[in-house]
Amino acid sequence: MSLGRLYVVATPIGNLEDISPRALRVLREADLIAAEDTRHSARLLEHFGIQARLVSYHDHNEADRAAMLIAALRSGESVALITDAGTPCIADPGYRAVRAAHDAGIPVVAVPGPSAALAALSVSGLPTDSFSFHGFFPRKRKQAEALLDAMRAGGTHLFFESPNRLVATLEALEKAVGEASCCVARELTKVFEEVVPGSPACLVEHFSAAPVRGECVVVVYAPPTREVPAPDPDLLRELVRAAMRRDGLSRRDAIRRVAAEFRVPRNAVYAAARDEDA
Ligand code: SAM
């Protein structure tokens with residue numbers, strides 16, 4: 001008997017037009033649909049006229065349900081995994097079933113589509129070549145501080161936040177990385193969609209004006225710290241030259257300035273500047 005396939009199917013994060021034709025076909029053809037909240041997903045399936053055998057698959061029954069799904073897949077059934085909205089496994093249940101399928105040699109197939117985090121990133125106007133996604137902003141103080149420290153080190157960071165905690169979290173951001181560029185994406189693809197770019201201070205002002213409603217993603221970009229971890233002699237030489245040219249400093253003072261400003265050992269800057277004389 002051939003093995004079934006486990007399909008990981010993305011569903012809309014608000015606008016039902018965002019479901020893909022392929023997702024609809026896979027859901028229609030699946031022998032079993034594992035859904036985070038069966039009542040919620042039943043409404044979605046009903047909207048598209050899909051009749052399905054639904055089983056629940058959520059944070060509290062993941063381990064047991066994964067075993068049950070693997071048994072079904074082993075017997076040749078195809079299973080589609082969905083969550084309430086967006087892409088399963090992304091800050092949502094699912095990865096245990098996927099891993100169990102890999103372990104059992106069962107093919108796992110992505111049916112990609114909406115995902116709140118990537119949708120927010122795509123409209124943020126912030127650098128996207130590399131980013132860190134943190135799930136929900138931590139509620140525990142120590143973890144929140146660790147995340148704010150990570151943001152202070154620079155780069156693009158993405159997290160989910162509940163509407164009633166948004167302003168407090170933006171205030172914490174303002175204190176930790178006031179110079180950051182941010183974007184709050186709220187209610188994406190829905191009627192009251194709002195994409196608000198700005199500094200943490202501007203966003204605090206904007207979202208303090210009225211109670212915040214709906215679902216939110218926060219994107220933060222902080223410029224990389226100006227520390228030079230492994231000093232590149234060419235860069236150091238260029239910095240010294242620029243300081244001499246721009247501020248009329250002597251070479252000695254320019255070297256001191258660059259060492260202090262970029263937290264580089266002074267002898268490394270001396271060595272780089274000396275290379276130029278050689
Ligand atoms: N796996 C999902 C995905 O790929 O989109 C994310 C699940 S996570 C449990 C749910 C969080 O995503 C919400 O609390 C909210 O922060 C964010 N979110 C979901 N839909 C959204 C929307 N339409 N606009 C903005 N944020 C949204």
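Computed over heavy atoms, backbone and side chain alike; hydrogens, waters and symmetry mates excluded. Whatever order the structure lists them in is the order used to number ligands and atoms, beginning at 1.
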For [X], is at least one N or O under 3.5 Å away from an N or O on ligand 1?
X     : answer
Thr87 : yes
Ile13 : yes
Asp92 : yes

Ligand-side contact atoms (ligand 1) for residue partner [X], heavy atom cut-off under 4.0 Å:
X      : result
Glu187 : 23 (N), 24 (N), 25 (C)
Ala116 : 3 (C), 4 (O), 5 (O), 12 (O), 17 (C), 18 (N), 19 (C), 20 (N), 21 (C), 27 (C)
Ala91  : 7 (C), 8 (S), 9 (C)
Lys190 : 23 (N)

Answer yes or no: are there more than 12 heavy-atom neighbours, outside [X] itself, under 6.0 Å from its atom [atom1]?
X      : atom1 : value
Glu205 : CD    : no
Arg152 : CZ    : yes
Arg28  : CZ    : yes

- Task: Have a look at ligand 1 and work out which part of Ala185, if any, has a heavy atom under 4.0 Å from it: side chain, backbone, both or neither.
- Result: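 For Ala185, the contact with ligand 1 is made by the backbone alone.
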- Would you mind telling me if ligand 1 is within reach of the side chain of Glu193, the backbone, both or neither, using heavy atoms under 4.0 Å?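 None of Glu193 does.
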- Task: State whether Glu171 and Lys175 are salt-bridged, where the test is any N-O pair (Lys NZ or Arg NE/NH1/NH2 against Asp/Glu carboxylate O) under 4.0 Å.
- Result: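 Here Glu171 does not pair with Lys175 in a salt bridge, since their nearest N and O are not under 4.0 Å apart.
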- Indicate yes or no: does Glu238 engage Arg241 in a salt bridge with an N to O separation below 4.0 Å.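 Yes, charged N to carboxylate O under 4.0 Å.
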- Looking at Leu188 and Ala116, what are the two nearest heavy atoms and their distance?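 Answer, listing the atom of Leu188 first, then Ala116: CD1-O, 4.0 Å.
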- Item | Closest approach of Ala268 to Leu236 (non-hydrogen atoms, all atoms of both residues) |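 Nearest heavy atoms, Ala268 then Leu236: O-CD1, 4.0 Å.
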Nearest-neighbour protein heavy atom for [atom], which is reported as residue plus atom name and distance:
atom                    : value
atom 6 (C) of ligand 1  : Ile90 O, 3.6 Å
atom 22 (C) of ligand 1 : Leu188 N, 3.5 Å
atom 8 (S) of ligand 1  : Phe160 CE1, 3.6 Å
atom 20 (N) of ligand 1 : Glu215 OE1, 3.2 Å
atom 16 (O) of ligand 1 : Cys216 O, 2.7 Å
atom 10 (C) of ligand 1 : Phe136 CZ, 4.0 Å
atom 2 (C) of ligand 1  : Ala85 O, 3.4 Å

- So, Glu62 versus Tyr57: side-chain donor-acceptor pair below 3.5 Å or not?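 A pair is found: one side chain offers a donor N or O, the other an acceptor, under 3.5 Å apart.
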- Item | Val217 touching ligand 1 at heavy-atom level, < 4.0 angstrom |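 A heavy atom of Val217 does come that close to ligand 1.
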- Message: Go through it in stages, so that I can follow the logic: the residues are Phe159 and Val220, the test is side-chain contact (heavy atoms from CB on, under 4.5 Å), and I'd like the CA-CA distance, side-chain angles, deciding distance and then a yes or no.
- Response: CA-CA 9 Å; Phe159 58 86; Val220 178; 4.0 Å; yes
- Query: Under a single-linkage definition using a 4.5 Å side-chain heavy-atom cutoff for Ile, Leu, Val, Met, Phe, Trp and Tyr, are Val258 and Leu235 assigned to the same hydrophobic cluster?
  - Reply: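 Linked within one cluster.
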- Query: Between atom CD1 of Ile70 and atom NE2 of His102, what is the distance when rounded to the nearest 0.5 Å?
  - Reply: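 Between Ile70 CD1 and His102 NE2, I get 10.0 Å after rounding to 0.5 Å.
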